[in-house]
Amino acid sequence: MPGSLSHLTRRFFDVVLARPLADSEQQAVKDWLTEQENSLFLAQPAADQRHGYTAAETVVAAGVKDRVLIRTALLHDIGKRHARLGAIGRVIASLLILFRIPIRGRWAAYRDHGEVAALELQAIGSDSLIVDFARQHHGERPATIDSDTWELLQKADQPPKTLARNRPGIS
């Protein structure tokens, strides 16, 4: 699950510096998602909402207009909220996972967030692409997702390489 130390460092600052979504950004999210998906999205901490929104921006910036693909980017990490970990807890969990140290409790919930998200999304009837990407986004590409779509969604899931936060929204 965890990436390189560079990735983890960028993701740490991404979480710590995340600002809540503006009203216009929240409206854009609501316009893309179903009512049940939006409820799951809004149940996330602000940092995870920001990450999902930024991932969706990346998909839209690539010229994608397919709502399912945008929803996939928005929702892939909704399972993280069950771990109830802040930035430091996420770093610890990621390092424990990286070094293959046995974990349980909230750290295990953080590790397993993809499966948790997939089960929740499946239960509310989300599209199979949304479910499959949530389940596998830290693993190998499943046969159900074509390589171009996988590559774009993987790119969208990466933390920004800069600390810039004032990009235009997808609204």
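Since this is a predicted model, take the numbers as computed values, not measurements.
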Counting only heavy atoms not in E151 (residues, nucleotides, ligands), do more than 12 fall under 6.0 Å from its CD? no

When you measure from the side chain of R50 to the backbone N and O of D48, does any donor-acceptor pair fall under 3.5 Å? no

Could you grab the distance from atom CD1 of I78 to atom CG of L42, nearest 0.5 Å is fine? 11.5 Å

Verify salt bridge (Lys or Arg N to Asp or Glu O under 4.0 Å) between D66 and R71, making sure each step is shown before the conclusion. CA-CA 9 Å; D66 180 348; R71 289 166 47 218; over 6 Å; no

Side chain proximity check, D77 to H137, heavy atoms < 4.5 angstrom: yes

What I want to find out is whether E37 reaches K30 closely enough, with some N-O distance under 4.0 Å, to be called a salt bridge. no

Compute whether any side-chain donor of one residue and acceptor of the other, for D23 and Q27, lie under 3.5 angstrom apart. no

Under 3.5 Å side-chain donor-acceptor pair for D157 and H138: no

Any side-chain heavy atom of P142 sitting closer than 4.5 Å to one from W150? yes

With no hydrogens and no angle check, do the side chains of H76 and Q136 hold a donor and an acceptor under 3.5 Å apart? no

Looking at side-chain heavy atoms only, is the closest gap between H51 and Q44 below 4.5 Å? no

Quick check: do V29 and E25 have side-chain heavy atoms less than 4.5 Å from each other? no

Measuring from atom OG1 of T144 to atom CG of L129, what distance do you get when rounded to the nearest 0.5 angstrom? 7.5 Å

Side-chain contact test, heavy atoms from C-beta onward, threshold under 4.5 Å: evaluate it for L69 versus L152 and give yes or no. yes

